[in-house]
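Along the sequence shown, residues carry numbers from 1.
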Amino acid sequence: MNSKVFMVIRILLGLFVLVFGLDKFFHFMPMDHSSMSEAAMGYMGGLASTKTVYLVALVEILAGLAFLLNKYGALMALILMSVSVNAVLFHAILEPGTIYGALILLILNIVVLFGYKDNYKDLLKG
């Protein structure tokens with residue numbers, strides 16, 4: 001992959017997850033909870049009541065900083081993949097009308113993983 005293209009995608013993903021991670025702490029983006037299904041509200045309520053949402057936010061913030069600063073990006077891309085897959089599954093099953101952001105997150109995450117593929121060669125040796 002072209003290094004400039006990878007850099008742009010890495011920075012876009014970094015900004016994306018940094019903003020959404022910070023929003024989980026500071027709530028600066030308006031969210032319309034009235035349109036969420038009861039099942040989605042229950043799931044989100046469970047995440048909030050167990051403080052799991054803060055762990056997800058911390059992972060997003062650390063990943064965003066790693067991508068923006070270009071430090072530990074390969075590691076954070078792997079860790080962020082669990083958040084990306086869960087976001088897509090949440091939206092696919094409970095809120096399909098709002099899946100677009102989660103799909104963008106997953107696609108950017110996969111592209112960044114592919115960009116770091118040389119860092120995973122030792123991990124993937126048989």
Side-chain angles (χ1 to χ4, degrees):
M1 176 185 309
N2 183 332
S3 64
K4 291 192 187 241
V5 171
F6 175 67
M7 180 184 72
V8 168
I9 292 172
R10 179 179 50 82
I11 290 171
L12 282 174
L13 179 59
L15 289 171
F16 189 84
V17 295
L18 183 62
V19 167
F20 280 94
L22 289 171
D23 182 60
K24 287 176 180 65
F25 284 109
F26 301 113
H27 310 288
F28 51 82
M29 290 189 295
M31 194 171 200
D32 183 19
H33 293 292
S34 64
S35 65
M36 289 179 85
S37 69
E38 187 176 326
M41 287 295 290
Y43 180 83
M44 294 304 288
L47 288 179
S49 69
T50 60
K51 309 295 187 221
T52 304
V53 71
Y54 296 120
L55 177 62
V56 172
L58 185 62
V59 167
E60 289 175 339
I61 291 167
L62 291 174
L65 291 173
F67 297 142
L68 292 174
L69 301 173
N70 202 20
K71 299 284 183 188
Y72 304 106
L75 173 63
M76 292 311 294
L78 284 173
I79 294 170
L80 184 64
M81 195 60 169
S82 63
V83 173
S84 301
V85 169
N86 276 295
V88 169
L89 290 174
F90 166 81
H91 286 283
I93 295 167
L94 299 175
E95 287 293 316
T98 58
I99 197 169
Y100 303 110
L103 286 174
I104 291 169
L105 173 65
L106 181 63
I107 291 166
L108 288 173
N109 201 163
I110 290 169
V111 171
V112 168
L113 279 169
F114 181 75
Y116 284 122
K117 72 180 180 302
D118 292 339
N119 297 46
Y120 306 127
K121 285 185 179 177
D122 287 338
L123 272 174
L124 300 173
K125 277 186 184 174

Measure the CE-CG distance between Met76 and Leu113 for me, rounded to the nearest 0.5 Å. 12.0 Å
Decide if atom CE of Met29 counts as having more than 12 heavy atoms of other residues, nucleotides or ligands within a radius under 6.0 Å. yes
State yes or no: do Val56 and Ile99 share one hydrophobic cluster built from I, L, V, M, F, W and Y residues joined by side-chain heavy-atom distances below 4.5 Å, directly or via other members? yes
Same apolar cluster: Leu123 and Ile110, side chain cutoff 4.5 Å: yes
Rounded to the nearest 0.5 Å, what separation is found between the CG atom of Leu68 and the CG atom of Leu12? 9.5 Å
Hey, could you give me each pair passing side chain to side chain donor-acceptor pair (under 3.5 Å) that has a residue in residues 71-84? Not counting sequence neighbours. Ser84-Asn109
Where at least one partner belongs to residues 19-30, residue pairs that pass side chain to side chain donor-acceptor pair (under 3.5 Å), sequence neighbours excluded: Lys24-Glu60
Name the atoms and distances for all side-chain donor-acceptor pairs under 3.5 Å in residues 39-49, with sequence neighbours left out.
| residue | atom | partner | partner atom | Å |
| --- | --- | --- | --- | --- |
| Ser49 | OG | Gly45 | O | 3.2 |
| Ser49 | OG | Gly46 | O | 3.2 |

Residue pairs passing the side chain to side chain donor-acceptor pair (under 3.5 Å) test where at least one lies in residues 86-97, sequence neighbours excluded: Ser37-Glu95, His91-Thr98
Output every pair passing side chain to side chain donor-acceptor pair (under 3.5 Å) with a member in residues 9-20, not counting sequence neighbours, ordered by first then second residue. none
Which distance, rounded to the nearest 0.5 Å, do you find between the CD1 of Ile107 and the CG of Leu13? 12.0 Å
Might you point out which heavy atoms bring Val112 and Phe67 nearest each other, and give the distance in Å? CG1-CE2, 4.0 Å
List the residues meeting side chain to side chain donor-acceptor pair (under 3.5 Å) with Thr50, not counting sequence neighbours, and say none if there are none. Thr52
Taking only residues two or more places apart in sequence, or in another chain, which ones meet Leu75 in a side chain to side chain contact (heavy atoms under 4.5 Å, CB included)? Ile79
Using the rule that two of Ile, Leu, Val, Met, Phe, Trp, Tyr join whenever any of their side-chain heavy atoms come within less than 4.5 Å, decide whether Leu15 and Leu22 are in one cluster. yes
When rounded to the nearest 0.5 Å, the distance separating CD1 of Ile11 from CG of Leu108 is 12.5 Å
So the ring pair (Phe, Tyr, Trp, His ring centres under 6.0 Å) pairs with at least one residue in residues 93-126 (sequence neighbours excluded) are Phe6-Tyr116
In short, Gly21 meets Ala57 closest at the heavy-atom pair O-CB, 3.5 Å
Rounded distance [0.5 Å steps], CG in Leu18 versus CG in Leu65: 5.5 Å
Suppose the criterion is ring pair (Phe, Tyr, Trp, His ring centres under 6.0 Å): which pairs have a residue in residues 7-26, not counting sequence neighbours? Phe16-Phe20, Phe25-Tyr54
For Lys125, enumerate each residue passing the salt bridge (Lys or Arg N to Asp or Glu O under 4.0 Å) test, keeping only those at least two apart in sequence or located in another chain. Asp122
What residues form a salt bridge (Lys or Arg N to Asp or Glu O under 4.0 Å) with Asp32, not counting sequence neighbours? none
Same cluster for Leu55 and Leu80 if Ile/Leu/Val/Met/Phe/Trp/Tyr side chains link at under 4.5 Å? no
As a quick check of understanding, evaluate side chain to side chain contact (heavy atoms under 4.5 Å, CB included) for Val17 and Ile61, giving each step before the final call. CA-CA 6 Å; Val17 295; Ile61 291 167; over 6 Å; no
Set of side chain to side chain donor-acceptor pair (under 3.5 Å) partners for Asn2, sequence neighbours left out: none
